[in-house]
Number of protein chains: 2
Amino acid sequence: MGEGSTAADGPRTASARLLAVLDAFDAEHRALTLSALARRARLPVSTTHRLVGDLLAWGGLERGDDGLLRVGLHLWEVAALAPRTIGLREAAAPSMGDLYEATHENVQLAVRDGLEVVFVERIAGRHAVPVLTRVGLRFPMSATGVGLVLLAFAPREVQEGALSAPLERFTERTVVDPRRLRSMLADVRRRGIAVSDRQVTMDALSVAAPVRGPDGDVVAALSVVVQADGAEPQALAPAVRTAAAAISRALAR
Amino acid sequence: MGEGSTAADGPRTASARLLAVLDAFDAEHRALTLSALARRARLPVSTTHRLVGDLLAWGGLERGDDGLLRVGLHLWEVAALAPRTIGLREAAAPSMGDLYEATHENVQLAVRDGLEVVFVERIAGRHAVPVLTRVGLRFPMSATGVGLVLLAFAPREVQEGALSAPLERFTERTVVDPRRLRSMLADVRRRGIAVSDRQVTMDALSVAAPVRGPDGDVVAALSVVVQADGAEPQALAPAVRTAAAAISRALAR
DNA sequence: ACCAGGGTTTCCGCCTGGCGGAAAAGTGAC
DNA sequence: GTCACTTTTCCGCCAGGCGGAAACCCTGGT
């Protein structure tokens, strides 16, 4: 799911209310007044005031000099203990740095969550093609390079779930035919590389490879994203594979 | 505070209980059984079971194939919205990369929280002196390079608070005399650089500079940490200042 | 100086749902 | 089969979470 389960309809538990306060924040709303937060969480102002007090006391939120509320440091400290985020980033950082040095293009690391990818790290090339992704962004799997990798190696029921849902189109080149996607996924499994050519934006092509955990499961995917014009995926593939393999080895330690 | 306010003594609110579940995790306990989590949170097992259910549903926790509970991806997604963490890291990443390329030593970025520093980013030099810090670690301010910077430029009452508390000794060279520390802080403010020489470990010296926000306040500190033997802080200072200034400029945009 | 329209904070009666002890069920090692 | 842990379920109790209302605050406009 994109957002934690804090649907406003029906009775909500105390926990759900507290977590709904946290879900009021997003990339477009990083700083909120108490009243705005209450509206976004669909809670009465006095309830929100009380819950915000609890979160402020714990460090889940901070109140700025401007009176606005923001996500706090302690929440991040706890979240940093998630193995699929900071731990993965730390294991990946040297190899991502190497891949960046080798290509000077955007380098991205993502994990799967349900039927979506979540980007956990990226190095943005200064002169590289602009990319939509930012750390913490969640995105459908079927169009991006990393998404294709993660879907290809996902459990069968996840693949069937993704293939039976309507596939979202982002450009005229986005693959939205399930049969074609199924075929692409088989190809990704065979070659150990995914190429997404102008499926997300019309100027970007990405090449992605799987990152495996200690027991061989695919736990993340690594990609470079380059200008589609003049791109040579076959030339990029070895470097991406090598970097992904290095991350896999780092995770095995 | 180091840990969110979830003291186990006395009556606890529903919010405090939920947050105590999250606080059960730390760097040494990233994966926990339900029973272990209940013990660490000082909650009855059935209460913990219910709260864990709420967090699993929201994405704050995940249950692995091994049955163990871990901090989940959605918590990190929310935490990634904290301006003092991912946002700061992203602004800092190019300059930290440059400083690393220039020195090939450990590069660290930290923010102040109360009377402690929290490390929000680091680049570990492959052949550099081992450092204690990891991302998400919190540490007293007075001994580290970044801590000296953050303390020097903190509001007066924060400085007085730090100076009136007993200063913790880590090595025989740790400054624990408040008068001497006060003098060092004045020096840091004057020179815009802090040097911590073997105050944390006996083999490391760090050089740190302030990172300023758009309104000129010191919002973070950047440092390199090198082998103390043969270290030339004066030679390192310009590069650290330059990188810190670049981050300050990035934050002003 | 006043007003309006937002905001935040406080109060407190209501009643629901959070709480946790007990028991049942599950798991793995021996 | 036993043991020691684990996880899950049940359900009676009552505490505290809830939120409407009101008070108070702040800022910008006139």
Side-chain angles (χ1 to χ4, degrees), chain A residues 4-26 28-72 83 215, chain B residues 4-26 28-72 83 215:
Chain A
S5 297
T6 53
D9 306 316
R12 286 192 283 176
T13 66
S15 298
R17 287 188 173 90
L18 189 76
L19 301 172
V21 169
L22 292 175
D23 277 337
F25 294 90
D26 65 22
E28 287 72 49
H29 304 86
R30 295 167 184 263
L32 291 165
T33 65
L34 185 84
S35 300
L37 200 156
R39 284 194 294 274
R40 288 179 57 77
R42 291 192 180 85
L43 289 166
V45 170
S46 53
T47 301
T48 305
H49 184 264
R50 198 169 34 77
L51 295 170
V52 161
D54 293 339
L55 286 164
L56 286 169
W58 182 68
L61 295 179
E62 294 174 349
R63 195 190 290 263
D65 292 334
D66 54 5
L68 295 179
L69 297 157
R70 294 173 175 86
V71 175
D215 59 358
Chain B
S5 298
T6 54
D9 305 316
R12 284 192 283 177
T13 65
S15 298
R17 288 186 171 89
L18 190 77
L19 300 171
V21 169
L22 292 175
D23 277 338
F25 295 89
D26 65 21
E28 287 72 50
H29 304 87
R30 294 170 185 260
L32 292 164
T33 63
L34 185 85
S35 299
L37 200 158
R39 285 193 293 275
R40 289 178 56 77
R42 293 192 182 82
L43 289 166
V45 171
S46 53
T47 301
T48 304
H49 184 266
R50 200 170 30 77
L51 296 171
V52 160
D54 293 340
L55 286 164
L56 285 169
W58 182 68
L61 295 179
E62 294 174 349
R63 196 192 289 262
D65 292 334
D66 53 6
L68 295 178
L69 297 158
R70 292 175 176 84
V71 174
D215 59 358

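The figures here come from the full heavy-atom set of this structure, side chains too, leaving out hydrogens, waters and symmetry mates. Sequence lines set the chain letters: A, B, ... in the order given, protein chains first and strands last, and positions in each chain run from 1.
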Is there any protein nitrogen or oxygen under 3.5 Å from a nitrogen or oxygen in nucleotides 19-22 of chain C, and what are the pairs?
| unit_1 | atom_1 | unit_2 | atom_2 | d |
| --- | --- | --- | --- | --- |
| C/dC19 | OP1 | B/Arg17 | NH1 | 3.1 |
| C/dC19 | OP2 | B/Arg50 | NH1 | 2.8 |
| C/dC19 | OP2 | B/Arg50 | NH2 | 2.5 |
| C/dC19 | O5' | B/Arg50 | NH2 | 3.4 |
| C/dG20 | OP1 | B/Arg17 | NH2 | 3.2 |
| C/dG20 | OP2 | B/Thr47 | OG1 | 2.6 |
| C/dG20 | N7 | B/Ser46 | OG | 3.2 |
| C/dG21 | N7 | B/Ser46 | OG | 3.3 |
| C/dG21 | O6 | B/Ser46 | OG | 3.0 |

Under 3.5 Å, which protein N or O atoms sit close to an N or O of nucleotides 3-7 of chain C? Give each pair with its distance.
| unit_1 | atom_1 | unit_2 | atom_2 | d |
| --- | --- | --- | --- | --- |
| C/dG7 | OP1 | A/Arg39 | NH1 | 3.4 |
| C/dG7 | OP1 | A/Arg39 | NH2 | 3.3 |
| C/dG7 | O5' | A/Ser35 | OG | 3.3 |

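Of all non-hydrogen atoms in A/Arg17 and A/Arg12, the two that sit nearest each other are NH1-O, 2.7 Å. Smallest separation of non-hydrogen atoms from A/Leu61 and A/Val71: CD2-CA, 4.0 Å. Contact detail for B/Arg40 and B/Leu32: the closest heavy-atom pair is CD-CD2, 3.8 Å. Considering all non-hydrogen atoms of both residues, A/Arg70 and B/Pro83 come closest at CD-CG, 3.5 Å. When all heavy atoms of A/Leu68 and A/Ala31 are compared, the closest pair comes out as CD1-CB, 3.9 Å. What you find for B/Ala41 and B/Ala20 is that their closest heavy atoms are CB-O, 3.7 Å.
Atom CG of B/Leu18 is separated from atom C1' of C/dG17 by 15 Å (rounded to the nearest Å). The NE2 atom of B/His49 sits 8 Å away from the P atom of D/dT7 (whole-angstrom rounding). Between A/Leu68 atom CG and D/dT27 atom C1' the separation is 14 Å, expressed in whole Å. The interatomic distance linking B/Leu69 (CG) with D/dT6 (C1') rounds to 12 Å, in whole Å. Atom CG in A/Asp54 sits about 10 Å away from atom C1' in D/dG17, given to the nearest Å. Separating the CG atom of A/Leu32 from the C1' atom of C/dT8 is a distance of 15 Å, rounded to the nearest angstrom.
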Original post:
Reading nucleotides 23-30 of chain C from the 5' end, what letters show protein touch, with B for base, S for backbone sugar-phosphate only, - for no heavy atom under 4.0 Å?
Top reply: --------

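Here the CG-OG1 distance, from B/Leu37 to B/Thr48, works out to 6.5 Å after rounding to the nearest 0.5 Å. Between the CZ atom of A/Arg63 and the CG atom of A/Leu34 there is a distance of 6.5 Å, given to the nearest 0.5 Å.
A 4.5 Å side-chain heavy-atom check between B/Leu19 and B/Leu22 finds at least one atom pair inside the cut-off.
Within a 6.0 Å radius of CG in B/Asp65, other residues, nucleotides and ligands contribute 12 heavy atoms or fewer.
When B/Leu18, B/Leu55, B/Val21 are each tested for a side-chain contact (heavy atoms from CB on, under 4.5 Å) with A/Ser15, only one passes: B/Leu18.
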